[in-house]
Amino acid sequence: MKVSILDDYHDTLRTLEAFKKLAGHDVTVWNDHVQDNDTLAQRLKDAEALVLIRERTKIRGPLLERLPRLKLISQRSVYPHIDIDACTRLGVVVSSDQNFGMPSYATAELTWGLIIAALRDIPQQMSSLKAGKWQAGVGNTLRGKTLGIFGYGRIGAVVAGYGKAFGMNVLVWAREASQAKAHADGHAVAASKAAFFEQSDVITLHLRLIDATRGIVTAQDLGRMKPTALIVNTSRAPLIEPGALVAALRAGRPGKAAVDVYEEEPLRDTSHPLLNMPNVVCTPHLGYVTREDHEIAFAEIFDQINAYAAGKPTNVVNPEALSRRRT
């Protein structure tokens, strides 16, 4: 098959062991980010299979209609960036594994790194040292504080374990089934969502972005947080009500944030408020960006291409498209 891979910023995929799975296919890798439909339509005009790296590029109906040879979109995880209805109508199969056998330890580890960086003011201390000014202030420790885990899935459970190892009191808020799992794992469950935001010293979000979770963290929720508290988001930006985080930080509740995800990505606007607040640590969506995580994810993504080529598509999220498959 003619395979196109979008948004491989650092030309990493060719260096993976998993890339050997595409031997025999005609593969084109694009290293820049483009969202313009005209440019994408030209680039992908011959593509039969399209590999997406998470949600870096949006694939909507107007673009899909200009890709008559496209048969398969292969990726991993959720797909709010793909017009599934248009894919089904046009006979484009979407394969996306969402039932991972293991959590993203890469994301969990980055979450913990951001927590320590924010509470110990590591970026500010580095800047001070480089400017010849020595120490820039006094940070805070984690031991004895309350770690709030919003969403107790695979990643949330790992982060909760990190919290215990650092001597923190873990408090969970999640859907009922996840609360039961957290309780079985020995963690406390908040009496209410309001109590969760009021009591936590650090809150970290570990929810999938679906219609039910979009904007699930409201301005009112943030306003309940302590002025000394930290909120961390390594999941998805739209989990927080639009504009609410910046407004809350300016109001002083919570006092700090650590952010790895943004409404528009890649974020290249240096005037963005979050990039210019001294109480915010920002990273460019690095949660899953490790060589080890890529090996796992792209082995599955490339397996999905080979399964389709063999006439046995796997992890199909729009099975109705199978009866309309393009030849």
Side-chain angles (χ1 to χ4, degrees), residues 5-9 13 33 35 49-61 63-64 70 72-88 92-108 110-111 149-159 174-175 177-178 181 204-217 232-242 259-267 284-290 293-294 296-305 307-308 313-321:
I5 301 175
L6 296 181
D7 297 299
D8 183 11
Y9 299 151
L13 300 192
H33 172 74
Q35 191 57 69
L50 177 60
V51 172
L52 301 181
I53 301 180
R54 294 298 179 108
E55 295 117 76
R56 290 178 176 178
T57 296
K58 297 178 177 64
I59 307 296
R60 306 300 191 200
L63 173 60
L64 290 163
L70 186 63
L72 171 71
I73 297 176
S74 186
Q75 63 143 53
R76 195 174 192 246
S77 194
V78 293
Y79 37 85
H81 54 299
I82 303 175
D83 187 336
I84 298 296
D85 290 340
C87 286
T88 302
V92 177
V93 173
V94 179
S95 286
S96 188
D97 182 16
Q98 298 178 80
N99 301 305
F100 315 144
M102 59 184 290
S104 173
Y105 292 106
T107 302
L110 179 73
T111 299
I149 308 286
F150 196 163
Y152 194 80
R154 286 183 296 270
I155 297 175
V158 172
V159 175
R175 57 191 177 90
S178 296
K181 177 66 166 59
T204 178
L205 308 182
H206 298 291
L207 299 157
R208 283 187 173 183
L209 179 61
I210 57 176
D211 288 344
T213 60
R214 187 175 294 273
I216 195 169
V217 178
V232 183
N233 190 0
T234 56
S235 294
R236 293 294 183 272
L239 293 173
I240 302 177
E241 183 183 334
V259 178
D260 188 47
V261 288
Y262 308 89
E263 293 283 351
E264 293 294 331
E265 297 183 2
L267 175 61
H285 205 154
L286 298 176
Y288 63 96
V289 185
T290 67
D293 205 73
H294 275 13
I296 295 168
F298 286 96
E300 295 181 0
I301 290 170
F302 299 155
D303 280 342
Q304 290 171 171
I305 293 175
Y308 183 95
T314 57
N315 300 318
V316 176
V317 301
N318 59 337
E320 292 181 14

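Owing to the predicted nature of the structure, the values given are computational and were not obtained by experimental measurement.
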Inset, instruction - Look only at the side chain of Thr204 and the backbone of Ile149, and say whether a donor-acceptor pair between them is shorter than 3.5 Å. - result: no
Inset, instruction - Looking only at non-hydrogen atoms, find the nearest pair between Glu320 and Thr88 and report the distance. - result: CB-CG2, 3.6 Å
Legend entry - Distance-minimising heavy-atom pair for Ser104 and Gly287: OG-O, 4.4 Å
Legend entry - For Val158 against Pro103, the heavy-atom pair lying closest together: CG2-CG, 3.7 Å
Legend entry - Closest heavy-atom pair and its distance - Tyr152, Ala174: N-CB, 3.7 Å
Inset, instruction - Please step through side chain to side chain contact (heavy atoms under 4.5 Å, CB included) for the pair Ser96 and Val317, ending with a clear verdict. - result: CA-CA 7 Å; Ser96 188; Val317 301; 4.2 Å; yes
Legend entry - Full working for side chain to side chain contact (heavy atoms under 4.5 Å, CB included) between Leu64 and Cys87: CA-CA 7 Å; Leu64 290 163; Cys87 286; 3.6 Å; yes
Inset, instruction - Verify the neighbour count for atom CD of Gln98: are there more than 12 heavy atoms of other residues, nucleotides or ligands below 6.0 Å? - result: yes
Legend entry - Any side-chain heavy-atom pair of Ile240 and Leu205 under 4.5 Å: yes
Inset, instruction - Look up atom CG in Leu63 and atom CG in Leu70, then write down how far apart they are to the nearest 0.5 Å. - result: 8.5 Å
Inset, instruction - From the options Ile305, Ile82, Ile59, select the one residue that forms a side-chain contact (heavy atoms from CB on, under 4.5 Å) with Leu50. - result: Ile59
Legend entry - Single hit among Thr213, Val217, Leu239 for side-chain contact (heavy atoms from CB on, under 4.5 Å) with Phe150: Val217
Inset, instruction - Please name the pair of heavy atoms, one in Pro266 and one in His33, separated by the smallest distance, quoted to 0.1 Å. - result: CD-CD2, 3.3 Å
Inset, instruction - Taking all non-hydrogen atoms of both residues into account, name the closest pair between Ile53 and Asp7 and its distance. - result: CD1-O, 3.5 Å
Legend entry - Validation row: Glu300, Asn315 side chains within 4.5 angstrom (heavy atoms): no
Inset, instruction - To the nearest 0.5 Å, tell me how far Leu209 CG sits from Tyr79 OH. - result: 12.5 Å
Inset, instruction - Measure from the side-chain N and O atoms of Ser74 to the backbone N and O of Ile301, and report whether any donor-acceptor pair falls under 3.5 Å. - result: yes
Legend entry - Arg56 side chain reached by Leu6 side chain, heavy atoms, under 4.5 Å: no
Inset, instruction - For side chain to side chain contact (heavy atoms under 4.5 Å, CB included), just list the numbers for Ile84 and Val94, CA-CA rounded to whole Å, side-chain angles, deciding distance to a tenth of an Å, and then say yes or no. - result: CA-CA 8 Å; Ile84 298 296; Val94 179; 4.0 Å; yes
Inset, instruction - Quick one: pull up OG1 in Thr314 and OH in Tyr308 and give me the separation to the nearest 0.5 Å. - result: 12.0 Å
Legend entry - Side chains of Tyr262 and Pro284 in contact at under 4.5 Å (non-hydrogen atoms): no
Legend entry - Other residues, nucleotides, ligands: >12 heavy atoms within 6.0 Å of Arg60 CZ: yes
Inset, instruction - Using distance alone, with no hydrogens and no angle criterion, decide if Thr111 and Thr234 have a side-chain donor and acceptor under 3.5 Å apart. - result: yes
Legend entry - Side-chain heavy atoms of Leu52 within contact of Ile73, under 4.5 Å: yes
Inset, instruction - For Gln304 and Ser95, indicate whether the former's side chain and the latter's backbone hold a donor-acceptor pair under 3.5 Å. - result: yes
Inset, instruction - Rounded to the nearest 0.5 Å, what's the gap from OG1 on Thr107 to CG on Asp293? Could you check? - result: 6.0 Å
Legend entry - Pi-cation contact, Tyr288 with Arg76 (under 6.0 Å, within 45°): no
Inset, instruction - Could you check if a side-chain atom of Val51 sits within less than 4.5 angstrom of a side-chain atom of Phe298, using non-hydrogen atoms only? - result: yes
Inset, instruction - Have a look at Glu55 and tell me which of His81, Arg236, His285 forms a side chain to side chain donor-acceptor pair (under 3.5 Å) with it. - result: Arg236
Legend entry - Rounded distance (nearest 0.5 Å) linking atom CD1 of Ile5 with atom CG of Leu13: 5.5 Å
